[in-house]
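These numbers were taken from a predicted model, which means no experiment stands behind them.
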Amino acid sequence: MSAPAITPVFVRLKLSLLRNGLRQSGGRKAAYITSAVFALLFAVLQLIGLIALRGHAHAESVVVLAVAVLGLGWAVMPLFFPSGDETLDPTRLVMLPLRPRPLVRALLTASLVGIGPLFTLCLLVGSVVAVARGGAAFAVGAVAVVLALLVCVALARAVAAANVRLLTSRKGRDLAVLSGLVIAIGAQIVNFGAQRLGASGLGELAPAAGVLQWVPPASAIGAVHAVSEGSYGPAAAQLALSAGALVALLALWSRHLTRLMTSPDGSTLPSAESAAKERSSTGLARLLPAGRTGTVMDRSLRYVWRDPKTKAAWVTSLAIGLIVPVFNAWQGTGSVYFACFAAGMLGIQMYNQFGQDTSAFWMVALTISSTRDAYVELRARAYALLLITLPYATLVTVLTTAMLGDWRRLPEALGLSFALLGAMLATGAWTSARFPYSIPQEGYKNVAPGQTGLAWISIFGGMMAAALLCAPVIALTIWLNVSADGDDWTWLLLPAGTAYGAVLTAAGLKLAAPRTARRLPEILAAVSKG
């Protein structure tokens, strides 16, 4: 007697997971429905736009690149959003008597249920319509759409199966939180590419499309265009590449499934050597000052390295602080003053200092019994931030200046950066004591429910105050640049900005310390809310 087919069971399971997830709360249902409506609306508009490209000279380049980017998105989606689909974790099925091949077939079919596959289908159909000419091309296009869709889904599943141990561990959650970095960098790259296309036209895409049309899943769409041009040999080769990629991905997925089903999970068990190394004191800790200052600095730096949310915020700020001035300088449209963006992005890390500790702040609060203790605590946290920010802001400013070749303005750009950093440290220390809020440890939210207003006041109010505090240095910079003899004295902006930033930092810490000491119970209640 043959075993019953499990594919319909898995499809019903996927539908049940979607339905039961929407029943958990009205907010989740509203968020899902809203995101689905926007995704489908964008898919329909994209479909219409691709169809409108039909007959355009560079339609093939656009659709090939679009499908290539789509495939890349399917590849990285499981790494950065592992909780988006509960069926991505095959370890939930290890106790069931299932063989790899039927399981792969069932999971592949179930993976075609959802908004993502429907969005992908719309884009692929629009791509085929944009480049297909003639009955043979449309016939190949029907095969290409199926192949490309299956390659995308199989790619996501294979990546998830290969990294499922990582994705369910603490390091995997760290990786997921860092998705903001990828989005930030991707946005800047897209912006740069859009500006280049606006200046040079779609013809700039041709060289990249010529390469990517041989890379699955874009090769399937390349085959449709090849048939439209009468090149049946290249079209067959491109279809064969897509089919071969699908077979390889399914085989890889099956192999990883077999390993997951039959081998124990030792990915989260550290070796004795690594555990001993973890317990030992780091070299940096030995270089820090003695007493409370060094202890607090060491703790703050460990948060940057170990805490997922803190690490994500720092890495994102470091990346954006470099990308914005460097990309603008690369295009020849930037200014050395854009380098202040690095100091501004990292200065934000001073805001909500106690919220970064979450409920563990009670251990810090126990050690603060006076204004002096609060001052040393805040000062040490500022020192830890400066340990990274000062050399980084200097490096970004020098790099931007070198790319623009405007070395005369290096001292004033550095002076402005240091003044801005000092102002943000000052306002950040004060708002940390006045408007603390909790940062949830789980999920992707950075503010606990009900505290969004506090976060806006703390960050954006503090940034506006920092900008006002920098007004004297900005005014001095403008005056020296418009003055007849000012160019001979712009070098003074470096020591003046540095000294002004140091004074602002010291004043901000002095003002924030007594408020911190008085409001410890309120701060503890606020940061422990999430």
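- Heavy-atom contacts from other residues, nucleotides or ligands closer than 6.0 Å to CZ of Arg101 number 12 or fewer.
- Considering all non-hydrogen atoms of both residues, Ala137 and Ser228 come closest at CB-OG, 3.3 Å.
- With Val125 as reference, Leu121 is the one residue of Leu121, Leu123, Val128 to meet the side chain to side chain contact (heavy atoms under 4.5 Å, CB included) rule.
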**Request:** Apply side chain to side chain contact (heavy atoms under 4.5 Å, CB included) to Leu385 and Leu421, showing your working.
**Result:** CA-CA 10 Å; Leu385 190 145; Leu421 180 59; 4.2 Å; yes
**CA sep, side-chain torsions, deciding dist, call: Val336, Leu410, side chain to side chain contact (heavy atoms under 4.5 Å, CB included)** = CA-CA 7 Å; Val336 292; Leu410 177 60; over 6 Å; no
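- Taking all atoms of both residues into account, the shortest heavy-atom contact from Ser317 to Leu346 is CB-CD2, 3.8 Å.
- Side-chain atoms of Tyr351 never come within 3.5 Å of backbone atoms of Phe460 as a donor-acceptor pair (strictly under, hydrogens ignored).
- Gln353 and Met350 get closest at one heavy-atom pair: CG-O, 3.1 Å.
- In this structure, the side chain of Arg54 does not engage the main chain of Gly126 through any donor-acceptor pair within 3.5 Å.
- Here NE2 of His225 is found 12.5 Å from OG of Ser127. Values are rounded to the nearest 0.5 Å.
- Nearest heavy-atom pair across Leu108 and Ala154 is CD1-N, 4.2 Å.
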**Request:** Apply the test side chain to side chain contact (heavy atoms under 4.5 Å, CB included) to residues Leu53 and Leu50: give CA-CA distance (whole Å), side-chain angles for both, the deciding distance (0.1 Å), then the verdict.
**Result:** CA-CA 5 Å; Leu53 276 177; Leu50 289 171; 4.1 Å; yes
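- Paired with Leu107 under the rule side chain to side chain contact (heavy atoms under 4.5 Å, CB included), one option of Val104, Leu103, Thr109 passes, and it is Leu103.
- Between Ser242 and Val151, the closest heavy-atom pair is O-CG2, 3.6 Å.
- Heavy-atom minimum distance, Phe10 versus Ala110: O-CB, 3.7 Å.
- By the neighbour-count criterion of 12 heavy atoms within 6.0 Å, atom CH2 of Trp456 is sparsely surrounded, having that number or fewer from other residues, nucleotides or ligands.
- Remark: Ser16 OG to Arg12 CZ distance equals 8.5 Å, nearest 0.5 Å.
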**Asked** Please walk me through it: do Ile459 and Tyr437 pass side chain to side chain contact (heavy atoms under 4.5 Å, CB included)?
**Response** CA-CA 11 Å; Ile459 297 177; Tyr437 57 91; 3.4 Å; yes
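- Judged by distance alone, with hydrogens and angles left aside, the side-chain atoms of Lys311 form no donor-acceptor pair with the main-chain N or O of Val304 at under 3.5 Å.
- Of the inter-residue distances, the one linking Thr400 atom OG1 with Leu395 atom CG reads 9.0 Å to the nearest 0.5 angstrom.
- Partners of Gln46 by side chain to side chain donor-acceptor pair (under 3.5 Å), not counting sequence neighbours: none found.
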